**Student:** 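I'd like to ask you about the structure that follows.
Per chain, numbering begins at 1; letters A, B, ... match sequence-line order. Every value quoted in this text rests on a predicted model; they were computed, and no experiment measured them.
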Protein chains: 2
Amino acid sequence: MTVTIYDVAREAGVSMATVSRVVNNNPNVKPQTRKKVFEAIERLGYRPNAVARGLASKKTTTVGVVIPDISNAIFAEVARGIEDIANMYRYNIILCNADKKKDKEISVINTLLEKQVDGLLFMGGTVTQEHILAFKSSSVPIVLCATTDDNNAIPAVDIDHEKAAFDAVQLLISNGHRNIGMISGTLQDPANGYARFQGYKRALEEAGIPVIDDHIRVGNYRYESGIEAMKYFINLADKPTAIFAATDEMAIGAIHTIQDANLRVPDDISVISVDNSRMASMVRPLLTTVAQPMYDIGAVSMRLLTKLMNKENVEVTKIVLPHEIIVRKSVAHVK
Amino acid sequence: MTVTIYDVAREAGVSMATVSRVVNNNPNVKPQTRKKVFEAIERLGYRPNAVARGLASKKTTTVGVVIPDISNAIFAEVARGIEDIANMYRYNIILCNADKKKDKEISVINTLLEKQVDGLLFMGGTVTQEHILAFKSSSVPIVLCATTDDNNAIPAVDIDHEKAAFDAVQLLISNGHRNIGMISGTLQDPANGYARFQGYKRALEEAGIPVIDDHIRVGNYRYESGIEAMKYFINLADKPTAIFAATDEMAIGAIHTIQDANLRVPDDISVISVDNSRMASMVRPLLTTVAQPMYDIGAVSMRLLTKLMNKENVEVTKIVLPHEIIVRKSVAHVK
DNA sequence: CTGTTAGCGCGTTCAT
DNA sequence: ATGAACGCGCTAACAG
């Protein structure tokens with residue numbers, strides 16, 4: 001039924017080793033022989049079996065990607081970066097959603113390892129001891145992607161979330177704002193939640209502005225929770241003159257709430273956030289936000305992984321990509 | 001180095017066949033033996049090699065997914081549906097972006113087939129003869145996902161794009177609009193472009209409204225092209241009283257352009273579109289749009305594929321999922 | 001430059 | 001219920 005390397009060999013009148021050589025572009029084949037083999041391949045419609053090749057060579061040219069949720073635009077962008085670079089180096093990607101749930105993460109790591117991936121890209125919640133254990137149970141290279149690792153034991157590429165938040169809030173402060181509300185993500189989330197909150201706090205502290213609980217609301221990254229938080233802020237006696245939101249979506253929720261209350265952005269209240277998703281340039285006013293290079297995070301981590309898989313010597317295994325404030329129209333000087 | 005089934009056999013004092021049986025849940029093993037084997041597995045940290053298993057069993061429990069662009073929210077949603085169901089049936093997903101480019105599509109189909117995937121989910125541009133040829137070159141089941149196939153030769157699941165557009169435009173007409181502009185996608189795209197335009201046309205024709213070229217602009221699905229198209233419409237002598245946009249993004253571009261011209265949505269101009277992306281509920285006014293069940297398209301096509309891979313008899317192989325108009329705030333009765 | 005020969009790790013008869 | 005032996009399709013020495 002299926003045509004194998006052996007059939008080709010017979011058809012071309014050579015040995016299977018020779019067929020293997022031409023298929024794998026080994027230079028040690030006479031051009032004429034090569035031609036004969038190619039013709040036989042063509043005639044028989046031979047297609048190499050990558051599984052057999054994987055078993056014999058102990059390489060699958062496949063890498064596993066653990067991702068929280070591919071339907072989340074942020075991660076999808078990372079995934080595209082990963083796939084583009086993988087493709088460039090002739091790797092394929094096995095994609096697994098794990099929703100930042102530890103059990104699911106450990107589980108997919110194991111099935112990925114069973115599938116003999118040549119490398120692993122991990123994007124998830126916190127990296128626990130259990131994760132490390134699962135990683136160490138095999139010798140395939142791993143790189144953490146947009147994921148923090150307290151133990152700092154594994155190669156990783158990410159941005160500096162704390163600094164990103166710090167910079168955003170500092171922009172507000174440099175515009176004269178001193179009454180700044182924060183719409184945070186859950187503080188349990190080390191990167192998008194806790195770190196950004198820390199940046200907010202540090203920016204205030206360095207400016208000598210007291211951090212008060214009433215100016216902090218915790219949301220769930222989504223539009224609706226931005227609305228909810230903003231409704232709260234608007235009813236405050238000392239209403240903030242500026243809002244720092246941990247995500248664009250929450251920022252947009254805040255903007256709409258402000259506008260619905262017949263206040264203006266940025267004239268009455270300024271808004272800044274972090275993400276720079278497509279939506280940031282699809283609101284009125286255009287949203288000032290700090291851009292995270294998500295595509296690049298994916299691309300760079302995949303590139304790092306190729307080096308690791310290639311057993312190249314990589315000195316720096318902790319890569320922090322730069323972020324950038326995209327100044328648009330949602331921040332103004334305080335009145 | 002790596003511990004194999006053979007090592008486990010020795011450690012447990014049984015044959016490798018027995019180990020294979022317990023690993024694969026074959027009932028023909030004495031409980032006591034099973035226990036011994038499990039203990040040996042635990043002790044040695046044995047992890048089955050899926051590649052070797054794939055070679056021996058001719059099954060990889062892996063399916064290939066060809067997708068236009070995972071960083072596009074619409075497709076990412078489909079992908080999540082696919083992965084969830086795949087996961088449920090213990091399949092893994094190899095994900096390949098092909099950007100709707102024919103050559104790239106054919107190329108990834110072939111590498112996926114080389115990897116011996118048990119099935120293929122294809123999401124792309126048009127399905128040409130060359131695609132069919134590539135599909136037919138192997139006997140693995142294929143299902144088309146959100147992709148039209150003129151030849152109608154391959155199992156597929158999609159929505160009725162023409163009808164979706166028709167319904168949207170009809171809602172406009174039933175609100176008294178007779179001067180309706182369309183912001184279309186490229187007409188070369190059979191589903192999102194051409195079919196939606198056809199639906200627009202048919203709705204007008206059935207209402208006895210002439211279809212005039214001046215009321216049709218072709219965009220590229222994006223926000224910016226919605227802006228551009230709307231600028232054109234606004235300067236028209238007989239300005240449309242309603243706009244049908246082929247995507248939410250273009251619709252939002254139109255809305256903002258209308259508002260920037262100091263006109264109101266929907267009081268002055270109504271806007272409707274199709275997609276029901278998250279953004280539809282993140283604009284003011286909230287966007288009325290027809291919802292496509294993208295997650296379901298992914299889930300249903302993956303489910304169909306599992307049946308096909310399982311050699312179950314499936315009668316209907318052309319599944320059309322229902323769409324639904326989500327009425328929000330961007331459409332009003334004509335003044 | 002080419003062919004021979006072993007495995008790679010596992011599923012699967014076929015015996016027992 | 002268990003074991004022996006073969007083969008899945010290919011790569012990788014090694015020999016010539």
**Student:** Would you kindly give the CZ-to-P distance between B/Arg10 and D/dG3, to the nearest whole Å?
**Tutor:** 14 Å
**Student:** Do B/Asp189 and B/Lys100 meet the salt-bridge criterion of a basic N to acidic O distance under 4.0 Å?
**Tutor:** yes
**Student:** Please check if atom CD in A/Glu312 has more than 12 non-hydrogen atoms from other residues, nucleotides or ligands closer than 6.0 Å.
**Tutor:** yes
**Student:** How would you list all residue pairs meeting ring-ring contact (aromatic ring centres under 6.0 Å, His included) that involve residues 74-96 of chain B, not counting sequence neighbours?
**Tutor:** none
**Student:** Examine C/dG11: is either OP1 or OP2 under 4.0 Å from a nitrogen or oxygen in the side chain of B/Ser20? Give yes or no.
**Tutor:** yes
**Student:** Checking B/Thr186 against B/Gln188: is there a side-chain donor and acceptor pair closer than 3.5 Å?
**Tutor:** yes
**Student:** Could you tabulate the donor-acceptor pairs under 3.5 Å formed by side-chain atoms of residues 37-54 of chain B, not counting sequence neighbours?
**Tutor:**
from    : atom 1 : to       : atom 2 : distance (Å)
B/Glu39 : OE2    : B/Lys35  : NZ     : 3.2
B/Arg43 : NH1    : B/Glu11  : OE2    : 2.3
B/Arg47 : NH1    : A/Asn110 : OD1    : 2.8
B/Arg47 : NH2    : A/Ser137 : O      : 3.2
B/Arg47 : NH2    : A/Ser137 : OG     : 2.7
B/Asn49 : OD1    : B/Val51  : N      : 2.7
B/Asn49 : OD1    : B/Ala52  : N      : 3.0

**Student:** Whole-Å distance between D/dA12 C1' and A/Arg21 CZ?
**Tutor:** 9 Å
**Student:** What residues form a ring-ring contact (aromatic ring centres under 6.0 Å, His included) with B/His131, not counting sequence neighbours?
**Tutor:** B/Phe122
**Student:** I'd like to check A/Lys115 versus A/Ile94 (side-chain heavy atoms, cut-off strictly below 4.5 Å). Are they in contact?
**Tutor:** yes
**Student:** Is there any protein nitrogen or oxygen under 3.5 Å from a nitrogen or oxygen in nucleotides 6-9 of chain D, and what are the pairs?
**Tutor:**
from  : atom 1 : to      : atom 2 : distance (Å)
D/dC8 : O3'    : B/Lys58 : NZ     : 3.3
D/dC8 : O2     : B/Ala56 : N      : 3.4
D/dG9 : OP1    : A/Thr2  : OG1    : 3.1
D/dG9 : OP1    : B/Lys58 : NZ     : 2.9
D/dG9 : N2     : A/Ala52 : O      : 3.4

**Student:** For the pair B/Arg80 and A/Asp99, find out whether any cationic side-chain nitrogen is under 4.0 Å from an anionic carboxylate oxygen.
**Tutor:** yes
**Student:** Grab the OH-P distance between B/Tyr6 and C/dG11 for me, whole Å please.
**Tutor:** 16 Å
**Student:** Check this for me: A/Lys59, atom NZ, are more than 12 non-hydrogen atoms of other residues, nucleotides or ligands nearer than 6.0 Å?
**Tutor:** no
**Student:** For DNA chain C, determine which residues of residues 23-44 of chain B have any heavy atom closer than 4.0 angstrom to one of its atoms, and list them numerically.
**Tutor:** B/Asn24
**Student:** May I ask you to check whether over 12 heavy atoms, not counting those of B/Tyr295, lie within 6.0 Å of atom OH?
**Tutor:** yes
**Student:** So, do B/Leu95 and B/Ile70 sit near enough that their side-chain heavy atoms are less than 4.5 Å apart?
**Tutor:** yes
**Student:** Bend angle of the helix from C/dC1-D/dG16 to C/dT16-D/dA1 from five-pair axes at both ends, rounded to 10°?
**Tutor:** 30°
**Student:** Under 4.0 Å, counting only non-hydrogen atoms across every strand here, what does B/Val14 touch: a base, just sugar-phosphate, or nothing?
**Tutor:** sugar-phosphate
